[in-house]
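Notes to accompany the following structure.
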Amino acid sequence: MDYKAVMQRAIGVSEKGLGKTSPNPIVGAVIIDSKGTVISEGFHDRMKSDDHAEIVAIKVAGRQARGATIVITMEPCNHVGATAACTEAIIDAGISTVVFAVKDPNAIAAGGADRLLAAGINVIEGVLKEEAAHSNRAWLMKIKKNRPYFTWKIAATLDGKIAATDGTSKWISNKASRSDVQLLRRQSDAILVGTNTVIVDNPQLIPIGDFEGYSQNPIRIICGEQELPPDSKVFDDAALTEVVRSKNLDLLVEKLNTLGINQVFVEAGPTLASAMLNHGLIDELVIYQAPSLLGSGRAFFALDFKSTITDQIQMEHIDTRVLDGDVKSVYLLRSGE
């Protein structure tokens, strides 16, 4: 049987867990019968329970899981943590075949495939590996580099300006782009800005809109040395706020790691965001370009150093789409590999 279509479904299911699983990865599982008919599906959602995706799908399938195939975006865990090992749950459920995309790189939880094979279960690995890895790139990066994954969001004119010469910036991007930003906020574990952004713009930094299944907002992270007004909106009770009173980016990473954060949505101004990029801390860039020109004004990239064309910061283009006239493009920075 070709499991690609089912794995694609599992990847889509896993993405329902974005912003809900930290510090764990997003994982989706789909159980099918011998004819390929879907029996059940599930994804990891720590806002509801500690159950991993496999457990969720097995509980829904009940007795129908016996002799069935489970298709999972990641190798089942083989250790006891907040929950029992998923490998044992699969064995106990009588599942005959396990198909997964990405091998678990976490040494603590690895070894699931070997345990299942030892139990006589058919194991197929690597189905849509690249697609599943891209979907789960934040957690995989965290395991690889021992730090969260940073996505920098920019709204700019075609000539790269984020504000006019008088400092005004609302609104460069259109309503469709701003709505898309709210979704990206919602799918993140934390939203990061600098102290100057809080002082000048006084943002609340929470997702705006109706998003199903979320019981809490992303953590708000403020980084910098400037004193913040005590009545700033970021100090309300809509979300947890952590202030890193330093320009030391290593201290910032250390704090984020203690919070168990997988993915950080960077809405900082050009000073902090550019410093992060220069420090190797920007993994992904999402830019919304409005069909307009300012000529003069504030540029989104603040680093100013002598360079030649060979000093360009290379990026990998991932996606581009048009949002009511604005152009949204997504790039991966090669420094984040």
Side-chain angles (χ1 to χ4, degrees), residues 1-18 20-137 139-140 143 213:
M1 180 182 294
D2 186 350
Y3 295 105
K4 290 181 181 178
V6 185
M7 183 62 77
Q8 193 64 61
R9 177 168 178 155
I11 292 170
V13 170
S14 76
E15 291 175 351
K16 294 180 180 180
L18 287 168
K20 300 178 180 178
T21 67
S22 179
N24 297 341
I26 61 168
V27 180
V30 178
I31 297 178
I32 58 175
D33 64 18
S34 59
K35 296 180 180 179
T37 302
V38 173
I39 297 171
S40 67
E41 63 186 25
F43 65 96
H44 186 39
D45 181 358
R46 294 189 75 233
M47 290 190 178
K48 288 185 177 180
S49 77
D50 288 330
D51 286 348
H52 291 185
E54 300 94 318
I55 308 300
V56 175
I58 288 170
K59 285 181 176 179
V60 174
R63 294 179 180 177
Q64 294 182 79
R66 187 160 297 278
T69 295
I70 186 167
V71 179
I72 320 163
T73 56
M74 181 169 285
E75 179 183 16
C77 68
N78 191 41
H79 81 300
V80 177
T83 62
C86 289
T87 50
E88 299 309 313
I90 290 170
I91 293 168
D92 292 343
I95 288 172
S96 62
T97 300
V98 173
V99 180
F100 69 87
V102 179
K103 207 162 183 63
D104 194 332
N106 189 348
I108 296 174
D114 291 339
R115 174 69 184 100
L116 295 169
L117 286 168
I121 294 175
N122 183 35
V123 176
I124 301 170
E125 64 176 89
V127 177
L128 295 188
K129 176 182 177 180
E130 291 185 4
E131 291 88 337
H134 178 75
S135 182
N136 208 10
R137 61 193 179 279
W139 183 81
L140 291 170
I143 295 299

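Position 1 is the first residue of the sequence, and the numbers go up from there.
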| message | Looking at every heavy atom in both A113 and E75, which two are closest together, and how far apart are they? | response | N-OE2, 2.8 Å

| note | To the nearest 0.5 Å, atom NZ of K20 lies from atom CD1 of I26 at 11.5 Å

| field | K48, NZ: over 12 other non-hydrogen atoms inside 6.0 angstrom | value | no

| note | Nearest heavy-atom approach of A89 to I58 is O-CD1, 3.9 Å

| message | Could you report the tightest heavy-atom contact between E54 and P76, atom names first, then the distance? | response | OE2-CA, 3.3 Å

| Pairs in or reaching into residues 50-75: which pass ring-ring contact (aromatic ring centres under 6.0 Å, His included), with residues at least two apart or in two chains? | H44-H52

Solution key, residues 115-125 side-chain donor-acceptor pairs under 3.5 Å, sequence neighbours excluded:
from	atom 1	to	atom 2	distance (Å)
R115	NE	E88	OE2	2.8
R115	NH2	E88	OE1	3.3
R115	NH2	E88	OE2	3.4

| request: Output all residues satisfying side-chain contact (heavy atoms from CB on, under 4.5 Å) with A65, sequence neighbours left out; order by chain, then residue number. | output: A61, A93, I95

| query | Residues in side chain to side chain donor-acceptor pair (under 3.5 Å) with K129, at least two apart? | reply | none

| request: Using side-chain contact (heavy atoms from CB on, under 4.5 Å) as the criterion, list what pairs up with V38, not counting sequence neighbours. | output: R9, V30, I32

| remark: With sequence neighbours left out, the residues meeting side chain to side chain donor-acceptor pair (under 3.5 Å) with T21 are none

| Between atom CD1 of I39 and atom CD1 of I31, what is the distance when rounded to the nearest 0.5 Å? | 6.5 Å

| task | List in chain and number order the residues that pass side chain to side chain donor-acceptor pair (under 3.5 Å) with S135, two or more places apart in sequence or in another chain; answer none if no residue qualifies. | result | E15

| task | Would you name the heavy atoms of D45 and G213 that are closest together and state the gap between them? | result | OD2-O, 4.4 Å

| request: Check whether any side-chain heavy atom of T73 lies under 4.5 Å from a side-chain heavy atom of N136, and answer yes or no. | output: no

| said: Applying side-chain contact (heavy atoms from CB on, under 4.5 Å), can you list everything that pairs with A29, at least two apart in sequence or on another chain? | reply: A53, A57, I70, I72

| field | Counterpart residues, side chain to side chain donor-acceptor pair (under 3.5 Å), relative to Q8 (two or more places apart) | value | none

| salt bridge (Lys or Arg N to Asp or Glu O under 4.0 Å) partners for R66, two or more places apart | none

| query | For K59, which residues count as a salt bridge (Lys or Arg N to Asp or Glu O under 4.0 Å) partner, sequence neighbours excluded? | reply | D51

| request: Kindly state each residue pair satisfying salt bridge (charged side-chain N to carboxylate O under 4.0 Å, His left out) with at least one member in residues 23-39, sequence neighbours excluded. | output: none

| said: Quick check: closest heavy atoms across W139 and N24, and the distance to 0.1 Å? | reply: CD1-C, 3.7 Å

| query | What is the minimum heavy-atom distance between A101 and M7, and which atoms define it? | reply | N-CE, 3.6 Å

